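Take a look at the structure set out below.
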Amino acid sequence: MSGKELGVYVVDQNEAFAAVFKPGGIHSAAIAGRETPCAESVLPELCSGDDAILLNRLDYLTSGLLLVALTKDAVNEYHELEDNGYIRKYYCAEVHGRLDGVVSVRSALDTDDRKTTRALVEDSDDPHRWTDVTVISHDHEKNTTMVRCLIMKGARHQIRAHLASVGHPIIGDPLYGNGDDVDLLHLHHERLELPGFSVYSPCPWGDVGL
């Protein structure tokens with residue numbers, strides 16, 4: 001399938017990196033032994049050349065920005081920036097219940113060989129693995145809160161598990177949520193910042209502003 005058929009396209013790029021939009025319901029990367037359509041499979045089409053390498057992953061149900069290295073040097077640059085805390089990844093999410101102010105969820109995460117990630121009692125000693133949550137707005141009628149989450153070096157299901165662990169699972173989350181009767185996970189990777197490159201993708205299911 002082509003990028004157009006999958007709904008995958010380039011949002012912005014420079015000489016080192018490209019940011020690609022992935023809709024919810026599409027895999028980020030190829031799965032071994034399967035021919036499932038994914039964003040990674042159309043990178044040669046979208047980012048001309050054979051050196052395009054996917055640098056981050058989004059869950060199947062999560063929409064938003066994927067970062068692609070366009071050169072081998074850019075791969076090393078990205079990992080060095082990430083290890084030193086120079087990458088900023090912002091997600092918007094709609095969660096159950098009322099959440100107020102700014103919350104830093106610091107729980108260590110157990111991702112070993114499980115379908116779900118478990119938030120542990122103890123905090124992670126790596127601040128790059130924390131999830132900082134800022135409230136955007138409340139919907140009193142639905143009893144939901146729109147939030148923006150900042151992570152620097154994400155783990156599998158990090159935002160989903162962290163929000164659920166503080167009693168505010170994401171709307172439409174079949175693993176950590178409340179069995180909502182919606183088809184869309186309300187989690188979107190909206191902004192990505194690294195030195196020399198910043199890109200934004202508006203939320204497809206709500207106006208959350210910048």
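Everything numeric in this text was worked out from a predicted model, so none of it was measured. All residue numbers in this chain count up from 1 along the given sequence. Only heavy atoms go into these numbers, but all of them, side chains included; no hydrogens, no water, no symmetry mates.
Nearest approach of A155 to R129, heavy atoms of both residues: N-NH1, 4.0 Å. Nearest heavy atom pair, residue V42 against residue G3, reads CG1-N, 3.7 Å.
Checked by atom type, the side-chain pair E45/S2 shows no donor-acceptor distance below 3.5 Å.
With hydrogens and angles disregarded, a donor-acceptor distance shorter than 3.5 Å links the side chain of D110 to the backbone of D112. In terms of modelled atom types and a separation under 3.5 Å, the side chain of T145 and the main chain of G97 share a donor-acceptor contact. Checking side-chain atoms of H128 against main-chain N and O of M152 turns up no donor-acceptor pair under 3.5 Å.
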Begin from the C-alpha positions of T36 and C38 and carry the test side-chain contact (heavy atoms from CB on, under 4.5 Å) through to its verdict.
-> CA-CA 6 Å; T36 307; C38 65; over 6 Å; no
Going through the checks in order, is the side-chain contact (heavy atoms from CB on, under 4.5 Å) test met by D51 and L70?
-> CA-CA 6 Å; D51 290 331; L70 301 179; over 6 Å; no
Test V95 against V133 for side-chain contact (heavy atoms from CB on, under 4.5 Å), laying out the working first.
-> CA-CA 11 Å; V95 303; V133 185; over 6 Å; no
S104 and D132: CA distance, side-chain angles, deciding distance, side-chain contact (heavy atoms from CB on, under 4.5 Å) verdict = CA-CA 4 Å; S104 182; D132 293 329; 2.9 Å; yes
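Listed by chain and residue number, nothing satisfies the ring-ring contact (aromatic ring centres under 6.0 Å, His included) test with H168 (two or more places apart in sequence, or in another chain).
Tracing side-chain contacts under 4.5 Å through hydrophobic residues (I, L, V, M, F, W, Y), one reaches I53 starting from V199; they form part of the same cluster. Taking hydrophobic clusters as Ile, Leu, Val, Met, Phe, Trp and Tyr residues chained together by side-chain heavy-atom distances below 4.5 Å, V166 does not share a cluster with W130.
For the pairing with Y176, the ring-ring contact (aromatic ring centres under 6.0 Å, His included) check across H157, H96, H162 returns one residue only, H157. Between S63 and the choices E190, H188, H186, the side-chain hydrogen bond (donor to acceptor under 3.5 Å, both in side chains) rule is met once, by H188.
Comment: R106 does not engage D123 in a salt bridge, judged by the lack of any side-chain N to carboxylate O separation of less than 4.0 angstrom.
At least one side-chain heavy atom of I87 sits less than 4.5 Å from a side-chain heavy atom of L192. Residues R88 and L150 are in side-chain contact: their nearest non-hydrogen atoms beyond the backbone lie under 4.5 Å apart.
Residue pairs that meet the side chain to side chain donor-acceptor pair (under 3.5 Å) test with at least one member in residues 74-83, sequence neighbours left out, are Y78-E82, Y78-K89, E82-K89, D83-K153.
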Would you be so kind as to tabulate the donor-acceptor pairs closer than 3.5 Å made by side chains of residues 16-29, with sequence neighbours excluded?
{"from": "K22", "atom 1": "NZ", "to": "I26", "atom 2": "O", "distance (Å)": "2.7"}
{"from": "K22", "atom 1": "NZ", "to": "D59", "atom 2": "O", "distance (Å)": "3.3"}
{"from": "K22", "atom 1": "NZ", "to": "Y60", "atom 2": "O", "distance (Å)": "3.3"}
{"from": "K22", "atom 1": "NZ", "to": "T62", "atom 2": "O", "distance (Å)": "2.7"}
{"from": "S28", "atom 1": "OG", "to": "L58", "atom 2": "N", "distance (Å)": "2.9"}
{"from": "S28", "atom 1": "OG", "to": "L58", "atom 2": "O", "distance (Å)": "2.8"}

